[in-house]
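Remarks on the structure that follows.
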Amino acid sequence: MKKVTLFLAAFLIAGAVKAQDSVTLDMQLLPNKKYDQVSAQNMQIEMAYGGESKKMDMSISMKGSIQTDKADKGMIPVTMNMLMSMGMKMEGMPDNVTNNKMDIYGRVKQGEFVPVFDSIIAEDMPSTAKQAAMDMVKEMLTKVSYPKKTLKIGETFVQDVPVNMPLGGGAMKMNNVVTYKLTRIEGKKAYFDVIHDISMDGDLEEGMNMKGSGKGKGEMVYDIDTKYPVVYNADMDMVMDMEQAGMAISMKMNTKITQATTVSKGK
């Protein structure tokens, strides 16, 4: 009897260990959930032009939540509440800080991760700024996609994120090729190493052209039960070269991004 008990214990342990060798990635927004999010983006920039150089620090912090209601005919209503603060410090210039509160409304197809937003309320923002914010949210979200597949430890998947951002009188095209590698599974969380390979090209306004490239690394933590990435960190270095009216401008930038999400039962 003792040998049988030991055999069963060994069998169950082996099965548990085997179950931790892979994870099924199936990111989605679930109905009747609340996703509380805190994120920060800090940029250190050094610009050189005309024999001079200046340093600038920029920060963007966001605190808010995504709330989902019950599914109706295969669609889940989504509300995003966001408080965003942007700060800038530059040598020779006064510090500048702006705060904006936004409520964005939309829906997501049941079983999908990326919502479609169609309206925004932001009392402190002019209509043009609100439309620009809405356009940027749509542009960023529509480019994000994750595969629905099972990965073993050591396997990777690649995410291609092209973004076209209007800036001033022109636009900047940025392509971010992101490689995710599953490194370990602990409990109900899967850990991924993340590698970024970035290229940029754009005509920002009349007479100003820009090219750039960058690389970075970070980590993503995927919560298996809630089907959501609850931690995302990145550290990226980029170099950019611009030219305006015959003047060459070079820029080096380091960007650190942190984002944490807590998923709970909705109202």
Can you name the closest pair of heavy atoms from [X] and [Y] and give their distance?
| X | Y | value |
| --- | --- | --- |
| Ile76 | Ala71 | CG1-CB, 3.9 Å |
| Thr261 | Pro229 | OG1-O, 4.0 Å |
| Phe117 | Gly106 | CD2-N, 3.7 Å |
| Gly187 | Ile224 | O-CD1, 4.5 Å |
| Thr150 | Glu155 | O-OE1, 4.0 Å |
| Leu29 | Val78 | CD1-CG2, 4.3 Å |

Can you tell if the side chain of [X] reaches within under 4.5 Å of the side chain of [Y], non-hydrogen atoms only?
| X | Y | value |
| --- | --- | --- |
| Asp103 | Met82 | no |
| Met102 | Met84 | yes |
| Lys211 | Met200 | no |
| Ile153 | Ser22 | no |
| Lys227 | Lys33 | no |
| Ser85 | Val97 | yes |
| Met56 | Met58 | yes |
| Thr156 | Leu182 | no |

Hydrophobic cluster identity match, [X] and [Y], side-chain contacts under 4.5 Å:
| X | Y | answer |
| --- | --- | --- |
| Met174 | Ile195 | no |
| Met253 | Met236 | yes |
| Tyr232 | Val161 | yes |
| Met251 | Tyr49 | yes |
| Met75 | Met80 | no |

*Val194 and Val178: side-chain contact (heavy atoms from CB on, under 4.5 Å), yes or no, with the steps?*
CA-CA 7 Å; Val194 183; Val178 191; 3.3 Å; yes
*Decide if atom NZ of Lys173 counts as having more than 12 heavy atoms of other residues, nucleotides or ligands within a radius under 6.0 Å.*
no
*If you draw a 6.0 Å radius around NZ in Lys148, do more than 12 non-hydrogen atoms from other residues or ligands fall strictly inside?*
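Enclosed: over 12 neighbouring heavy atoms sit under 6.0 Å from NZ of Lys148.
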*Could you walk me through whether Asp26 and Gln28 pass the side chain to side chain donor-acceptor pair (under 3.5 Å) check?*
CA-CA 6 Å; Asp26 184 16; Gln28 56 181 279; 3.1 Å; yes
How many angstroms lie between [atom1] in [X] and [atom2] in [Y], if you round to the nearest 0.5 Å?
| X | Y | atom1 | atom2 | result |
| --- | --- | --- | --- | --- |
| Asn81 | Gln37 | CG | CD | 11.0 Å |
| Asp21 | Leu151 | CG | CG | 13.0 Å |
| Ile45 | Met240 | CD1 | CE | 6.5 Å |
| His196 | Asp237 | NE2 | CG | 12.0 Å |
| Asp57 | Lys89 | CG | NZ | 7.0 Å |
| Leu30 | Asn32 | CG | CG | 9.5 Å |

Are [X] and [Y] ion-paired here, with the side-chain N under 4.0 Å from a carboxylate O?
| X | Y | value |
| --- | --- | --- |
| Asp193 | Lys181 | no |
| Glu186 | Arg184 | yes |
| Lys63 | Asp36 | no |
| Lys70 | Asp72 | no |

*Tell me whether the centres of the aromatic rings in Phe113 and Tyr146 are closer together than 6.0 Å.*
yes
*Would you please indicate if the ring centroids of Tyr35 and Tyr228 are separated by under 6.0 Å?*
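Tyr35 vs Tyr228: aromatic centres under 6.0 Å.
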Side chains of [Y] and [X]: any donor to acceptor distance under 3.5 Å?
| X | Y | answer |
| --- | --- | --- |
| Asp69 | Gln67 | no |
| Asn254 | Asp235 | yes |
| Tyr180 | Gln159 | yes |
| Asn175 | Asp160 | yes |

*Take Lys54 and Met90 through the side-chain contact (heavy atoms from CB on, under 4.5 Å) test and state the conclusion after the steps.*
CA-CA 7 Å; Lys54 284 192 175 183; Met90 187 173 183; 3.9 Å; yes
Backbone N/O of [Y] and side chain of [X]: donor-acceptor pair under 3.5 Å:
| X | Y | value |
| --- | --- | --- |
| Tyr222 | Phe192 | no |
| Thr179 | Val158 | no |
| Ser213 | Ile198 | no |
| Glu112 | Lys109 | no |

*Show your reasoning for whether side-chain contact (heavy atoms from CB on, under 4.5 Å) applies to Arg107 and Asp118.*
CA-CA 8 Å; Arg107 62 199 183 282; Asp118 50 32; 3.0 Å; yes
